[in-house]
Structure formats: structure tokens, C-alpha cells
Amino acid sequence: IRPDGQRIGYLHYRQTEYDAIDANFRNYYSKNEKAGTILATFPDVENNQLYAVVSTASKDTQQGISKLFGSKVKMTVKR
């Protein structure tokens, strides 16, 4: 592990990067899913992405998240 907290040989985000991705995800989701709720978000360090559990996600929102965040966010709908 390097002094900046990153592992040598791995491309893991720092907490500040997860925080920024989380804030951007929350903003996008709240604007696009008025009736939806974000149930949980947490860093999935092993897969180098933010994991988000939401109450609903339209096809448009799912496509928008994928287009905007790529592999940085994995969103799961739990009803």
C-alpha cells in the first residue's frame, strides 16, 4: 500500500472519489426518479465501483446512469 492509501497494482478509488461519485449519483437519481428512494450506497472496493440499492429505476434512468457513470456505479432495484 502506497502512502496515499492506494494499493500498488490495483486501481482503487480513494474515499474522496467514492464520495464524489456518490453525490453525483444521488443528484442524478433524485432528478430522474421523483418517486424513487435511494435505500443504500456503499463503496464496492473489490470491484472498484459504488454499489447503490434503490426502490425503483425506470429504463431511462438505468440507461442514463450507465451512460453517465459507466462501470463506476452498480445499481440494484429492491422493491
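Quick note: residue numbers are just sequence positions, from 1.
Both Tyr51 and Leu39 sit in one connected hydrophobic cluster of ILVMFWY residues. Membership requires side-chain heavy atoms under 4.5 Å apart, directly or through other members. One hydrophobic cluster holds both Phe25 and Val45 under the rule that ILVMFWY side chains link at heavy-atom gaps under 4.5 Å. Follow the hydrophobic side-chain contacts under 4.5 Å out from Tyr28 and you reach Val77 in the same cluster.
Shortest non-hydrogen contact noted between Ala57 and Met75 is CB-CE, 3.8 Å.
Under 3.5 Å, the side chains of Asp22 and Thr41 contain a donor-acceptor pair of N or O atoms.
The side-chain heavy atoms of Lys74 and Asp44, taken from C-beta on, include no pair separated by under 4.5 Å. Within the 4.5 Å cutoff, the side chain of Glu33 has heavy atoms near those of the Ser58 side chain. In this structure the side chain of Thr37 never reaches within 4.5 angstrom of the side chain of Tyr29, judged on heavy atoms. Taking 4.5 Å as the limit, some side-chain heavy atom of Ile38 sits within range of a side-chain heavy atom of Arg26. The shortest side-chain heavy-atom distance between Phe69 and Asn24 falls under the 4.5 Å cut-off.
Judged purely by atom type and a 3.5 angstrom limit, Gln63 has no side-chain atom pairing as donor or acceptor with the backbone of Asp60. A donor-acceptor contact shorter than 3.5 Å is absent between the side chain of Gln49 and the backbone of Val73.
Going from atom CZ of Arg79 over to atom OG of Ser55 covers 8.5 Å, rounded to the nearest 0.5 Å.
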